[in-house]
J.: 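Have a look at the structure that comes next, please.
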Amino acid sequence: MRFSIAGGTRLSGTVRVSGAKNSVLKLMAMSLMANDQCVIRNVPRISDVETMKGVIEELGATVNWSGDTMMVTPPERLGTEAPEELVRGMRASIQVMGPLLAKVGEVHIVQPGGCSIGHRPIDFHLKGFRAMGAEVEERYGYVRARANRLKGATIYLDFPSVGATENLMAAGALAEGTTVICNAAREPEIVDQQNFLNLMGAKVRGAGTGQVIVEGVKELGGADYTVIPDRIEAGTMMVAAVITGGHVTVQDVEPEHLGFLIAKLREMGAGVEVSHNRIDCFADQPITGTTVRSMPYPGFATDLQPNIAALASTAVGCSVLIETIYSNRFHYLEEMRKMGAKVIIEQSTAVIKGVEKLTGASVTAPDLRGGAALVLCAMAADGNSIVDGVELIDRGYEEFERKLSGLGARITRIE
Ligand code: EPU
């Protein structure tokens, strides 16, 4: 599947942000721990959510998804074998490990491999489960973990991993005693998970700080919960406004989650006006180059690094991007070169010299966020572009082309 994009339109209007992919996937996994039905609202129609739906259905859950509301009813007895094909297709499937281990005491899952953005091991997750008393075997590319009942433990993460923090919070929720996760990730999605778990009857505190404390309880009930807005989608729409020289209001957003991007865009010369649930973004003066170092939250999100690269490609002067989270997140820059971007890549650093105008070209999305950045470049470029590999963009952006068309972009999907 591909997008055909005619560049050169200034985007204008209002766009509503969907629910956060990187939160809803985990909430779905955690619903497996409930004894009653969980209702999750503001669920985006994206293919990663379809995949997670498949994963939890294979484990026995009944899922009803209507509009943006999803109801998850766990079965009497959950399965323990995570479906291999789906897990291979989406790394976030490993987030069922903590819930299954805590609820049924066993999980068998294929080791997710590296992916197009670099190595992505799960050693922190496994180290945490072991510290909680689980027996973890890694053989022939699979992981099997077992525990009669997990025991609370103090776990130090070597890096504030989002997925490990979430998996261990889930595991701790039904463990015996208290689990303390030190050097925990501080992303807003972790806070969302804490709020959801606590509605289910868990006792979690500290999310959003570097130390999360989970006092285990015996059982969890259902919950009715609305997912936070997707800050990465919001950020992409903000950059879309600026890169096309337009003026866009991004609606139903949580500005507090985007402090790093608001500051960076202002530093580059963009206009950004913030009110309680909306952000206005516009370009009324030349955009200048910058330096961006991706970091764990509240630092600059690695998932928006490709968007800033797109903006830097037509900014005045040079920009330096330093990627500290992933080992190989610059594939999309090779594609941007086809559109005339001037880029030098040296290991985890990219130097981008802004050009006056990109030119349309035929490019291929190498991954989700890189793909979105190529769409941004195509909208700003002179002439027509084809962006291939739209399936990857569909993993994380709900109705991307409909939302962009609503702002005036000339973008069509070619099946
Ligand atoms: N890491 C390890 N060992 C582990 C876990 C992580 O070495 O056991 C390393 C990773 O290899 C990586 C770093 O730690 O270099 C950070 O990984 P983290 O665990 O924080 O990331 P994640 O949970 O796998 C989530 C998002 C990513 C986002 C990162 C960082 C989901 C489903 N995914 O991944 O989102 O980039 O946090 O913020 O929540 C995306 O949406 O496109 C995406 C890739």
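FYI, side chains are in, hydrogens and waters are out, and symmetry mates aren't considered; it's all heavy atoms of this structure. Whatever order the structure lists ligands and atoms in, that order sets their numbers, starting from 1. Note that the structure is a prediction, hence the values are computed from the model and not measured.
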J.: Determine whether Ile411 and Met379 make a side-chain contact, defined as any pair of heavy atoms from C-beta on separated by less than 4.5 Å.
T.: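 A side-chain contact under 4.5 Å is absent here.
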J.: Starting from atom 12 (C) of ligand 1, what is the nearest protein heavy atom, named by residue and atom, and what distance separates them?
T.: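 So the nearest neighbour among protein heavy atoms is Ile325 O, 3.5 Å.
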J.: Would you mind reporting whether Pro188 and Glu254 have side-chain heavy atoms less than 4.5 Å apart?
T.: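 Heavy-atom side-chain distance check fails, nothing below 4.5 Å.
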J.: Evaluate the criterion side chain to side chain contact (heavy atoms under 4.5 Å, CB included) for residue pair Val363 and Asp388; output intermediate values, then yes/no.
T.: CA-CA 6 Å; Val363 294; Asp388 218 327; over 6 Å; no
J.: Give the single entry among Met90, Arg120, Lys26 that approaches atom 22 (P) of ligand 1 most closely by any heavy atom.
T.: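 Looking at heavy atoms only, the winner is Arg120.
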J.: List the atom of Pro99, the atom of Gln95, and the distance in Å for their closest heavy-atom pair.
T.: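 It is CD-O, 3.1 Å.
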J.: Could you check whether the rings of Phe3 and Phe400 sit parallel, tilted or perpendicular, using 30° and 60° as the cut-offs?
T.: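 Tilted.
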J.: Starting from atom 14 (O) of ligand 1, which protein heavy atom do you reach first, and at what distance in Å?
T.: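 Protein heavy atom at minimum distance: Phe159 CD2, 3.7 Å.
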J.: Counting both backbone and side chain atoms, is some N or O of Thr302 under 3.5 Å from an N or O of ligand 1?
T.: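 For ligand 1, there is no N or O atom that lies under 3.5 Å from one belonging to Thr302.
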J.: Among Pro121, Pro160, Gly163, which one has a heavy atom closest to atom 5 (C) of ligand 1?
T.: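 Residue with the shortest heavy-atom distance to the ligand atom: Pro121.
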J.: Out of Leu304, Leu392, Asn22, whose heavy atom is nearest to atom 32 (C) of ligand 1?
T.: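 That would be Asn22.
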J.: I need the nearest protein heavy-atom contact for atom 21 (O) of ligand 1: residue, atom name and distance, please.
T.: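 Minimum-distance protein heavy atom for atom 21 (O) of ligand 1 reads Tyr326 OH, 4.0 Å.
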J.: Between Glu215 (side chain) and Lys203 (backbone), is there a donor-acceptor pair under 3.5 Å?
T.: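 Not a single qualifying donor-acceptor pair exists.
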J.: Where is the nearest protein heavy atom to atom 19 (O) of ligand 1: which residue, which atom, and how far?
T.: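 Checked against all protein heavy atoms, atom 19 (O) of ligand 1 sits closest to Ser161 OG, 2.6 Å.
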J.: Taking distance alone, with N or O pairs closer than 3.5 Å, would you say His119 contacts ligand 1?
T.: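 It does: an N or O of His119 is found under 3.5 Å from an N or O of ligand 1.
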J.: To the nearest 0.1 Å, how far is atom 35 (O) of ligand 1 from its closest protein heavy atom, and which atom is that?
T.: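 So the nearest neighbour among protein heavy atoms is Asp303 OD2, 3.0 Å.
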J.: Is Asn307 reaching over with its side chain to a backbone N or O of Val239, donor-acceptor style, under 3.5 angstrom?
T.: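 No.
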J.: Indicate whether any N or O donor in one side chain lies under 3.5 Å from an N or O acceptor in the other, for Thr209 and Arg186.
T.: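 Distance-only check fails for Thr209 and Arg186.
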J.: Is there side-chain contact between Leu168 and His125, with heavy atoms separated by less than 4.5 Å?
T.: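 They are not in side-chain contact.
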J.: With backbone taken as N, CA, C and O and side chain as the heavy atoms from C-beta onward, which portion of Ala92 lies under 4.0 Å from ligand 1: side chain, backbone, both, or neither?
T.: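 Answer for Ala92: side chain.
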J.: Consider only side-chain N and O atoms of Ser319 and Lys353, and report whether a donor and an acceptor are under 3.5 Å apart.
T.: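 Short answer, no.
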J.: Out of all atoms in ligand 1, which are within 4.0 Å of some heavy atom of Ile122? Include the element for each.
T.: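 Near Ile122, meaning under 4.0 Å from one of its heavy atoms, ligand 1 has 4 (C), 8 (O).
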J.: Just to be sure I read this right, does ligand 1 sit under 4.0 Å from the backbone of Asp123, its side chain, both, or neither, counting only heavy atoms?
T.: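 Contact part for Asp123 vs ligand 1: both backbone and side chain.
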J.: Which residue owns the protein heavy atom closest to atom 42 (O) of ligand 1, what's the atom, and how far is it?
T.: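 Atom 42 (O) of ligand 1 sits closest to the protein heavy atom Arg369 NE, 2.9 Å.
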J.: Table please: side-chain donor-acceptor pairs of residues 151-162 below 3.5 Å, with sequence neighbours left out.
T.:
unit_1: Asp158; atom_1: OD2; unit_2: Lys127; atom_2: NZ; d: 2.9
unit_1: Ser161; atom_1: OG; unit_2: Ala164; atom_2: N; d: 3.0

J.: Just distances here: any N/O of Leu368 and N/O of ligand 1 closer than 3.5 Å?
T.: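 By distance alone, the answer is no.
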J.: Do NZ/NE/NH1/NH2 and the carboxylate oxygens of Arg278 and Asp252 come within less than 4.0 Å?
T.: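 Answer for the salt bridge query: no.
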J.: Check Phe124 against ligand 1 and report side chain, backbone, both or neither, counting heavy atoms closer than 4.0 Å.
T.: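 Both backbone and side chain.
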J.: In terms of atom number and element, which parts of ligand 1 are under 4.0 angstrom from non-hydrogen atoms of Arg91?
T.: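 Matching atoms, with element in brackets: 24 (O).
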J.: Is the closest heavy-atom distance from Arg395 to ligand 1 below 4.0 Å?
T.: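 For ligand 1, residue contact (heavy atoms, under 4.0 Å) with Arg395 is absent.
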J.: Are Val107 and Arg144 packed together at the side-chain level, in the sense that at least one heavy-atom pair is separated by less than 4.5 angstrom?
T.: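 They are not in contact (no side-chain heavy atoms under 4.5 Å apart), so the answer is no.
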J.: Is Val162 touching ligand 1 with its side chain, its backbone, both, or neither, if touching means heavy atoms under 4.0 Å apart?
T.: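 Answer for Val162: both.
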J.: Using a 4.0 Å heavy-atom cut-off, which part of Lys21 comes near ligand 1: side chain, backbone, both, or neither?
T.: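 Only the side chain of Lys21 comes within reach of ligand 1.
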J.: Below 4.0 Å from ligand 1: does a non-hydrogen atom of Ala164 turn up there or not?
T.: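 So Ala164 does not count as touching ligand 1.
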